[in-house]
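Here's the structure, in structure tokens; my notes come after.
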Amino acid sequence: YLHQSIFKQTKDFNEGIIQWRRCVSCNKYITFFSRGKGCTVHSWYLNKKNIQVPCIGQYVCEALQSCPPLCNPAFGDVKRPHCICCLCYENLGGHIYHRSGIRGKKASTCISENLHANDITKGLEFIGNLLINIAHTGNNEIKKNILIKIFETLLFFLPLKSDSTTSFSTSTANTSTDYKEQEKIVLNEPPSLFMIKTLFIKIYKEKECKNVEINDFNEFGHTFGQKLWNSRLDVNLKKSAIESPQTIQEYYNAFPEFLKNFFSGMIDELYEKKMSICNFQRKKHNKPPKVKISGQTIKIVTFITSMLLSLAFPHLKVWLPQVLASLSRMP
Ligand SMILES: [Zn+2]
Ligand SMILES: [Zn+2]
Ligand SMILES: [Zn+2]
Ligand SMILES: [Zn+2]
């Protein structure tokens, strides 16, 4: 059902070999049963790179589909394939087809289970995290150019009338015409931080207010644990910074974004509460208020995150727990 038999016959069987290839995502060796360089039916060019994912992942799933000029079928022209293993394929948003175990029962697929329903949201979130990563590590010239382009794009979606309450979250289909009123602005230099914040603060705040009230903390814990578990790809990519960082900043930067955000949010909240009580007392006694010491949150977040990472990924020699362990072994 995957490969039409005519196709198989056209290729010389002598070419059929089992190939060992490294998965470009996790770097593990995987076997590819293929003729020639890769499967010609299920090979694609994504941004001019030849991508080879498990054929069984393309039976129903449309993770790879014709989307010119970004993604095109390779039509047998397979050059320097970039292979992706089953596990990584699913982690990256594709789906492997599993036959139904029960005879006569249709197999559930990503289409029947609607597994791609949140792809847009997840794509945006991924790009958001990517931007944070770039912000922390990228080179300044690239960062500047990205900021300009992103700002131009977002500005385009900003409602023109200042009194308008339309925003990203509330806009409906008919507001898309409003966008046209906003002429496309092209910038040479990035706007100042003040300009950016002033323009977008309202939308940003709006989102903050809608924060969900969490009732089921056990469920939340499970979701959180899952997210941590799924971050192994991301963590493995930063292995060297996590195991042997040159600076604390590098070490901190290598942590998954969601962990840092979660714990720094929690610790900041605690500090703010403590601070306001403390300052209330100080005011009573006519003492100057205490101010937040930056860096304190980062220290605590670094500690907690280190412990969690070494728990989740014992194959990693996470730097801080290693150092602490070696200290405790000293006489
Ligand atoms: Zn892989
Ligand atoms: Zn194939
Ligand atoms: Zn799918
Ligand atoms: Zn699977």
Side-chain angles (χ1 to χ4, degrees), residues 1-4 17-34 37-68 70-74 78-102 105-127 129-130 133 223 226-243 254 256-258 309 312-317:
Y1 59 104
L2 259 178
H3 306 98
Q4 281 156 348
I17 36 168
I18 299 169
Q19 299 189 41
W20 287 88
R21 286 256 164 71
R22 262 183 197 279
C23 168
V24 287
S25 178
C26 65
N27 241 344
K28 286 203 185 89
Y29 275 107
I30 35 173
T31 45
F32 264 85
F33 298 91
S34 68
K37 280 185 176 153
C39 175
T40 46
V41 194
H42 295 112
S43 186
W44 295 82
Y45 275 97
L46 178 60
N47 197 23
K48 301 195 176 70
K49 250 189 200 167
N50 184 232
I51 302 284
Q52 193 81 51
V53 305
C55 299
I56 194 74
Q58 292 183 55
Y59 179 50
V60 176
C61 185
E62 293 182 332
L64 279 165
Q65 55 177 299
S66 203
C67 173
L70 182 66
C71 191
N72 293 306
V78 178
K79 277 182 203 119
R80 299 176 19 85
H82 291 69
C83 297
I84 293 167
C85 74
C86 286
L87 204 66
C88 292
Y89 181 61
E90 292 206 311
N91 276 335
L92 294 170
H95 303 100
I96 303 291
Y97 178 74
H98 297 282
R99 271 182 218 241
S100 156
I102 305 147
K105 189 181 173 278
K106 270 198 169 174
S108 61
T109 65
C110 61
I111 305 297
S112 70
E113 302 295 305
N114 225 1
L115 295 181
H116 291 278
N118 290 325
D119 276 10
I120 302 249
T121 306
K122 288 181 190 163
L124 268 177
E125 280 175 353
F126 183 82
I127 289 186
N129 288 329
L130 181 69
N133 278 355
T223 312
Q226 242 168 46
K227 194 157 168 65
L228 178 56
W229 184 255
N230 291 337
S231 69
R232 67 182 327 118
L233 269 180
D234 185 36
V235 169
N236 278 336
L237 280 177
K238 290 164 181 160
K239 195 170 187 261
S240 71
I242 289 174
E243 292 188 339
E257 219 50 54
F258 81 97
L309 283 180
F313 311 116
H315 66 282
L316 280 179
K317 294 179 176 63

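Order of listing sets the numbers, starting from 1, for every ligand and every atom in it.
- When rounded to 10 degrees, the angle formed at the Zn ion (ligand 1) by SG (C26) and SG (C85) equals 110°.
- Interatomic distance, H95 NE2 to E113 CD, rounded to the nearest 0.5 Å: 10.0 Å.
- Around the CD1 atom of I120, the shell of radius 6.0 Å holds no more than 12 heavy atoms that belong to other residues, nucleotides or ligands.
- Looking at H116 and the Zn ion (ligand 3) together, the shortest N, O or S contact belongs to NE2.
- Among the heteroatoms counted here (N, O or S) of H95, ND1 is the one nearest to the Zn ion (ligand 3).
- Contact check for E257 versus E125: no side-chain heavy atoms found under the 4.5 Å cut-off.
- When atom types are taken as modelled, the side chain of N50 and the backbone of W44 share a donor-acceptor pair closer than 3.5 angstrom.
- The Zn ion (ligand 1) has an N, O or S atom of C23 closer than 2.8 Å.
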